[in-house]
Structure formats: C-alpha cells, structure tokens
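Just so you know, residue 1 is the first one in the sequence shown, and it goes up from there. These values consider heavy atoms only, across backbone and side chains, with no hydrogens, waters or symmetry-generated copies. This is a predicted model, so every value here is computed, not measured.
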Amino acid sequence: MSHVVLVHGAWAGSWVWDTVTGPLLAAGHTPHALSLPGVGRWSDGDVTLDDVAGHVAEYVDGLEGTVVVVGHSGGGIVATQVAEMMPDRVGGVAYVAGMMLPSGVDFGQLCDGLGLEPPVGISKWLQATADGRGTVVPPEAAAAVFFHEADAVDAIEAARRLRPQLETARLMAPTWTADRFGSLPRLYIEAIRDRSVPLVAQREMQRLVPGATVVSLDADHAPQLSARAELAEALVEWCSTVRRAPAVGVGSR
C-alpha cells in the first residue's frame with residue numbers, strides 16, 4: 001500500500017482532507033495531510049513554487065516505499081512540481097478539482113486561452129491583506145463559490161477556517177518534462193458543479209495534459225465535503241493500483 005501525501009490549495013490547510021484520511025487508513029494506505037508555507041502568516045521574503053514544492057519534497061524524502069501525491073485546487077500545481085523533482089519516489093499524482101496545468105502555464109493564462117472573462121471564480125471577491133502581499137477570501141464568498149453543494153453547517157465552518165494567502169505562493173506555473181512528471185500515472189477527479197475552477201477549465205487541462213484516468217463527481221470545488229464518500233472511494237481505488245515509478249537518474253531530485 002501507499003503513503004498518500006495530501007496537498008491543500010490556496011487559503012486552506014491540512015484540515016481540508018479530514019474526511020479523506022479515515023477511508024485511506026481503513027484501506028491500508030498511510031495519509032499525510034501537510035500544511036504549506038505561505039498561508040496564514042509570512043515573513044518579509046516571498047514564498048515561491050520552489051519553496052512550497054521543496055517543503056513537500058523534503059517530507060516525501062523521509063518516507064519509505066510508494067508515495068502518491070494528491071493536490072486539491074492550486075495544490076495540484078505543487079503536486080506536479082514535486083513529481084517533476086522526484087519521479088523515482090512518486091508513484092502517481094492525483095488531482096481533486098485541481099490545477100493540472102501544462103508546463104509554463106498558469107491558471108490565468110489557461111482561462112484567457114479559453115476566452116473566460118476575468119475575473120474567474122473566487123477572484124472577484126478577494127480582498128487584499130494589510131501588507132498588500134496576500135489575499136483573503138470573505139467567508140460568505142467562500143461558502144458561495146467553494147462550498148455551495150455542502151451541508152450548510154459544513155460550508156460555513158469551512159469558509160471560516162480559510163486563512164490569508166501570500167500571492168507569490170498562489171499565482172504559480174509548474175515547469176515539467178515528459179520524461180519525469182509526464183511519465184507518471186495520474187488521476188483527475190473533476191467536480192462538475194465547480195464555481196472556482198470551472199468544468200470547462202478542468203476539461204481543457206485534461207486535453208492539454210492528456211493521459212490521466214478521469215473520475216467525474218457531482219460536486220462543488222470541495223468534494224471533500226459535498227461528495228465525501230465518492231471522493232474517498234475514487235482515491236482509495238486509484239491509490240491501490242499505483243506502483244512505484246522506475247528510478248530516473250541519480251538521486252531523488
């Protein structure tokens with residue numbers, strides 16, 4: 001069975017995976033829900049994709065055996081970059097309504113290419129932090145855009161748990177190659193009622209980065225709340241099929 005490293009998206013935290021860890025454990029996998037730098041508070045320096053991916057890669061380095069990396073929303077960018085850094089340690093990558101972006105392309109560019117009128121998703125409601133370097137999601141906007149299909153109590157609680165996000169740790173584009181990240185098995189769990197990463201954008205990423213197994217859920221941007229059983233089932237089933245990727249080069253990075 002696999003170690004499953006769970007990567008949250010912008011403004012969130014490891015708590016977004018609380019409904020998934022139990023089923024993974026019950027199936028024999030070992031979940032690891034990480035907290036990423038650049039969320040909640042930060043110092044004077046910027047936090048880049050290299051910093052965030054390096055944080056996850058360092059954690060993966062400490063695990064033995066097969067590792068699956070799962071990214072939710074913008075955490076998909078981090079998952080991609082980690083897989084590119086260490087394809088000999090990562091057996092597969094899964095995306096939950098995630099940003100499975102082409103190399104060198106950020107989410108804004110993807111949406112521009114689709115002709116989606118900005119701002120897309122939550123962007124129109126974001127508020128700047130006092131230092132101007134981050135953004136905050138108002139709880140009422142989060143409930144309406146991220147959690148609208150969840151139970152009302154769950155939606156309100158989740159919306160209130162979101163934290164400020166440093167923009168340099170959010171507006172990122174992965175850089176990857178066909179021989180490394182592109183050679184690994186992938187799962188894409190699409191959320192058909194998503195108001196944050198619209199379904200048309202999810203399917204454009206599937207077209208531009210082909211080869212993933214696709215599971216479609218009748219869910220909003222957070223299937224962890226709005227389709228929790230179906231999400232857990234999809235992850236458990238797919239993680240059980242993943243085998244360690246063949247070694248690439250020397251060392252893990």
When the side chains of residues 147-158 are checked against the rest of the protein, which donor-acceptor pairs come out under 3.5 Å, sequence neighbours left out?
unit_1 : atom_1 : unit_2 : atom_2 : d
His148 : NE2    : Arg193 : O      : 3.1
Asp151 : OD2    : Val153 : N      : 3.0
Asp151 : OD2    : Asp154 : N      : 3.4
Asp154 : OD2    : Arg228 : NH2    : 3.1

Scan the side chains in residues 229-239 for donor-acceptor partners under 3.5 Å anywhere in the protein, sequence neighbours excluded, and list what turns up.
none

Problem - Under 3.5 Å donor-acceptor, Thr168 side chain and Thr48 backbone - result: no
Please report, to 0.1 Å, the donor-acceptor pairs under 3.5 Å made by any side chain of residues 127-140, with sequence neighbours excluded.
unit_1 : atom_1 : unit_2 : atom_2 : d
Thr129 : OG1    : Asp131 : OD1    : 2.6
Thr129 : OG1    : Gly134 : N      : 3.0
Thr129 : OG1    : Gly134 : O      : 3.3
Asp131 : OD1    : Arg133 : N      : 2.9
Asp131 : OD2    : Trp42  : NE1    : 2.9
Arg133 : NH1    : Ser43  : O      : 2.9
Arg133 : NH2    : Asp44  : O      : 3.1
Arg133 : NH2    : Gly45  : O      : 3.0
Arg133 : NH2    : Asp46  : OD1    : 3.2
Thr135 : OG1    : Trp11  : NE1    : 3.1
Thr135 : OG1    : Glu167 : OE1    : 2.9

Completion exercise
Those residues at least two apart in sequence (or on a different chain) that pass side-chain contact (heavy atoms from CB on, under 4.5 Å) with Val145 are Ile122, Trp125, Arg195, Ser196
Practice task
Taking the six-membered ring for Trp and the single ring otherwise, decide whether the centroids of His3 and His29 are under 6.0 Å apart.
Solution key: no
Problem - Donor-acceptor contact present, side-chain His8 to main-chain Trp17, <3.5 Å - result: no
Exercise for the section: Answer yes or no: is there a donor N or O on one side and an acceptor on the other, between the side chain of Ser226 and the main chain of Asp220, under 3.5 Å? Expected result: yes
Practice task
Look up atom CG in Leu184 and atom CE in Met86, then write down how far apart they are to the nearest 0.5 Å.
Solution key: 11.5 Å
Practice task
For Arg207, enumerate each residue passing the salt bridge (Lys or Arg N to Asp or Glu O under 4.0 Å) test, keeping only those at least two apart in sequence or located in another chain.
Solution key: Glu204
Handout entry: N/O donor-acceptor pair under 3.5 Å between Arg89 side chain and Leu63 backbone
Key = yes
Practice task
Could you tell me whether the side chains of Thr175 and Gln81 share a donor-acceptor contact shorter than 3.5 Å?
Solution key: no
Anything under 3.5 Å between a donor and an acceptor, one on a side chain of residues 70-77, the other on a protein residue two or more places apart or in another chain? List them.
unit_1 : atom_1 : unit_2 : atom_2 : d
His72  : NE2    : His221 : O      : 2.7
Ser73  : OG     : His221 : NE2    : 2.9

Problem - Partners meeting side-chain contact (heavy atoms from CB on, under 4.5 Å) with Ala10 (sequence neighbours left out) - result: Gln165, Arg170
Exercise for the section: May I ask you to test the Val4-Val20 pair for a side-chain heavy-atom distance under 4.5 Å? Expected result: no
Exercise for the section: Using a 4.5 Å cut-off on heavy atoms from C-beta on, say whether the side chain of Val56 contacts that of Met85. Expected result: no
Handout entry: Side-chain heavy atoms of Phe107 within contact of Leu171, under 4.5 Å
Key = no
Practice task
Please tell me if the side chains of Pro223 and Val96 come closer than 4.5 Å, counting only heavy atoms from C-beta onward.
Solution key: yes
Practice task
Find out whether Met205 and Leu101 are in side-chain contact, i.e. whether some heavy atom of one side chain is under 4.5 Å from a heavy atom of the other.
Solution key: yes
Problem - Any donor-acceptor pair under 3.5 Å from Gln202 side chain to Ala191 backbone - result: yes
Handout entry: Non-neighbouring partners of Arg203 that pass salt bridge (Lys or Arg N to Asp or Glu O under 4.0 Å), sequence neighbours left out
Key = Glu190
Handout entry: For Pro37, all residues meeting side-chain contact (heavy atoms from CB on, under 4.5 Å), sequence neighbours excluded
Key = Val47, Val52, His55
Problem - Pairs flagged by ring pair (Phe, Tyr, Trp, His ring centres under 6.0 Å) wherever residues 170-198 is involved - sequence neighbours left out - result: Trp176-Phe181
Handout entry: Residues clustered with Ile192, ILVMFWY side-chain links under 4.5 angstrom
Key = Leu199
Practice task
Any salt bridge (Lys or Arg N to Asp or Glu O under 4.0 Å) involving residues 116-125? Give me the pairs, sequence neighbours left out, ordered by first then second residue.
Solution key: none
